[in-house]
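Beneath this line is the structure, given in structure tokens, with notes to follow.
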Amino acid sequence: MLMPLLPANYLPVNHLPRVFDADQRYTVDLHMHSTASDGALTPTELVKLCAARGLTHMSLTDHDTMEGIEEAGIAAQQAGLCLVPGCELSTRWQGINIHVVALMPGGLQGPLVEGLALQREARIKRAEVIAERLEKMGLPDALEKARAQAGSDRPLGRPDFARALVAEGVVDDWAGAFKRYLGSGKKGDVKAHWPEISDAVAWVVASGGVAVLAHPLRYGLTRRKRGLLMDTFQAAGGQSVELVSGQQNPDSTRDLARQLVERDLYASMGSDFHFPGSHAAPGSMSLIPRTAAPPIWQHPRLVHLRDAPSGMLGPGS
Ligand code: AMP
Ligand code: MN
Ligand code: MN
Ligand code: MN
């Protein structure tokens, strides 16, 4: 009997496990950026790099936009890997800028369409406020200078202002720009324009997506306060937390895993890759520990990821 012909780019079985039963790495990266926001690679270049590094599943999660997804989907089809459409939403919780990764197996649809339009407006208005503040602090024509650094007409982010501060010699380097002007609690860290975390999570969930609390160890919260954030996030419909984001301390990871297990939250993973030559590369994360927290691909909305063929991941595809 002849075997049925499979498309050339079909990945036969990816064997994503149903549980995390050993300290291990996986060929999955669900948090990365492209030139559609503050990443250095085009969506096509990013997908090719992921394929070259042996990833089987990836998500493109640009800040507050899904403009890069269509291009990434075509590249993923060609490269033979599975792309989950996504984005990373800027939100507010108790005066802190909290990021929520939206994984959207059905693509951009539902209330998230309007949500991303609001985020775009918020980002444009916020850039004007950041520019005004930096002008008072010694960077004349800040908006124009950040725009020149962005090199395209996308809405600006703090990294564009960071590059402008470096280029004008106001600070020595990128780290100094965040430390003195743009980082958490500094004048250029303008948050007022972002939605409440609960509203952003509601957009994602009502649009067929899975909301993932991004890099929970990076907000400088105590364990107790991180738990409160996770409670608020979950009460709004949030389903998952990044158990591993880039490189992190194994003890912190195990501690975080316990907080997921206590709440029945799914565990996600991502490098938060932005540009080659940095500490991060696609798929380069700390080990996922043995834990009872279920892998995010066990969530009913993403379970077809486990043995998905290549290309854009659609609902039930
Ligand atoms: P925005 O989306 O405009 O609020 O900018 C946030 C982005 O700035 C993050 O996704 C990082 O790419 C970068 N960023 C934020 N804080 C820092 C920091 N302390 N050091 C370096 N980059 C940072
Ligand atoms: Mn970024
Ligand atoms: Mn982030
Ligand atoms: Mn990110």
Side-chain angles (χ1 to χ4, degrees), residues 29-41 46 58-68 86-93 96-103 116 119-131 133-134 142-143 146-147 149-150 154-166 171-195 197 200 211-221 229 233 241-242 244-248 268-282 284-285:
D29 191 333
L30 299 176
H31 185 154
M32 290 180 282
H33 297 270
S34 76
T35 48
S37 65
D38 58 359
L41 303 184
L46 176 66
M58 65 176 286
S59 184
L60 175 60
T61 55
D62 277 305
H63 295 285
D64 303 305
T65 183
M66 290 178 69
E67 293 278 317
C87 61
E88 180 178 15
L89 298 168
S90 308
T91 81
R92 260 180 317 133
W93 177 73
I96 308 166
N97 182 352
I98 302 288
H99 286 174
V100 173
V101 163
L103 298 179
L116 289 189
Q119 293 296 82
R120 185 185 164 85
E121 288 310 307
R123 199 167 264 285
I124 291 166
K125 291 211 179 76
R126 182 189 72 146
E128 289 167 9
V129 178
I130 295 175
R133 293 189 181 181
L134 293 182
L143 200 58
R147 171 60 59 206
Q149 292 296 328
R154 62 168 170 74
L156 297 170
R158 284 180 285 163
D160 304 310
F161 289 98
R163 285 195 192 90
L165 286 164
V166 176
V171 290
D172 291 337
D173 55 21
W174 168 281
F178 277 92
K179 201 168 169 197
R180 282 175 56 195
Y181 295 96
L182 298 161
S184 190
K186 301 297 169 194
K187 276 264 186 260
D189 174 32
V190 179
K191 299 171 287 265
H193 301 79
W194 302 129
I197 189 167
V212 185
L213 182 63
H215 42 67
L217 300 176
R218 253 195 270 156
Y219 304 114
L221 303 175
L229 167 62
F233 171 79
V241 173
E242 283 182 350
V244 167
S245 170
Q247 303 300 325
Q248 59 191 51
S268 189
M269 63 189 78
S271 62
D272 205 0
F273 172 74
H274 281 75
F275 44 88
S278 64
H279 56 281
S284 75
M285 292 87 86

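All ligand and atom numbering here is 1-based and tracks the order in the structure.
For the 3.5 Å distance criterion, the side chains of His33 and Glu88 qualify, holding a donor opposite an acceptor. At a cut-off of 3.5 Å, with distance as the only test, no side-chain donor of His279 or Gln247 sits close to an acceptor on the other residue.
Heavy atoms from both the backbone and the side chain of Arg158 come within less than 4.0 Å of ligand 1. When heavy-atom distances to ligand 1 are checked against a 4.0 Å cut-off, His274 comes that close only through its side chain, counted from C-beta outward. Looking at Lys179 against ligand 1, nothing comes within 4.0 Å, counting heavy atoms. With a 4.0 Å heavy-atom cut-off, ligand 1 is reached by the side chain of Arg126 but not by its N, CA, C or O. Residue-level proximity to ligand 1 for Asp272 is absent, since no heavy atom of it falls below 4.0 angstrom.
For Pro159 against Trp174, the heavy-atom pair with the smallest separation is CB-CH2, 3.2 Å. The shortest heavy-atom contact between Ala214 and Tyr219 is O-OH, 2.9 Å. For the pair Leu156 and Arg126, the tightest heavy-atom approach, listed with the atom from each and the gap, is O-NH2, 4.1 Å. The shortest heavy-atom contact between Leu213 and Ile197 is CD1-CD1, 4.3 Å.
The ligand atoms of ligand 1 that sit less than 4.0 angstrom from a heavy atom of Asp38 are 7 (C), 10 (O), 12 (O). In summary, the atoms of ligand 1 found under 4.0 Å from a heavy atom of Gly157, numbered by their order in the structure, are 3 (O).
Looking at heavy atoms from C-beta onward, Leu41 lies in side-chain contact with Phe273 at the 4.5 angstrom threshold.
Ranking protein heavy atoms by distance to atom 2 (O) of ligand 1, first place goes to Arg123 NH2, 2.9 Å. The shortest contact between atom 15 (C) of ligand 1 and any protein heavy atom is with Phe178 CE2, 3.3 Å. Atom 21 (C) of ligand 1 has as its closest protein heavy atom Trp174 NE1, 3.1 Å.
Using a 4.0 Å cutoff on heavy atoms, Pro159 counts as a contact of ligand 1.
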For the pair Asp272 and Ser245, evaluate side-chain hydrogen bond (donor to acceptor under 3.5 Å, both in side chains) and give the outcome as yes or no after the intermediate values.
CA-CA 7 Å; Asp272 205 0; Ser245 170; 5.0 Å; no
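Using a cutoff of 4.0 Å between basic side-chain nitrogens and carboxylate oxygens, Arg154 and Asp38 are not scored as salt-bridged.
Just one residue in the list Lys187, Lys186, Lys191 forms a side chain to side chain donor-acceptor pair (under 3.5 Å) with Asp189, and that residue is Lys191.
The closest donor-acceptor contact from the side chain of Thr61 to the backbone of Met32 lies under 3.5 Å. Between the side chain of Ser34 and the main chain of Ala36, a donor-acceptor pair closer than 3.5 Å is present.
Here's the thing with Trp194: none of its N/O atoms is less than 3.5 angstrom from an N/O atom of ligand 1. Between His99 and ligand 1, a contact under 3.5 Å exists for no N or O pair.
Taking a cut-off of 2.8 Å, the protein N, O or S atoms nearer than that to the Mn ion (ligand 4) are His31 NE2, His33 NE2, Glu88 OE1, Asp272 OD1.
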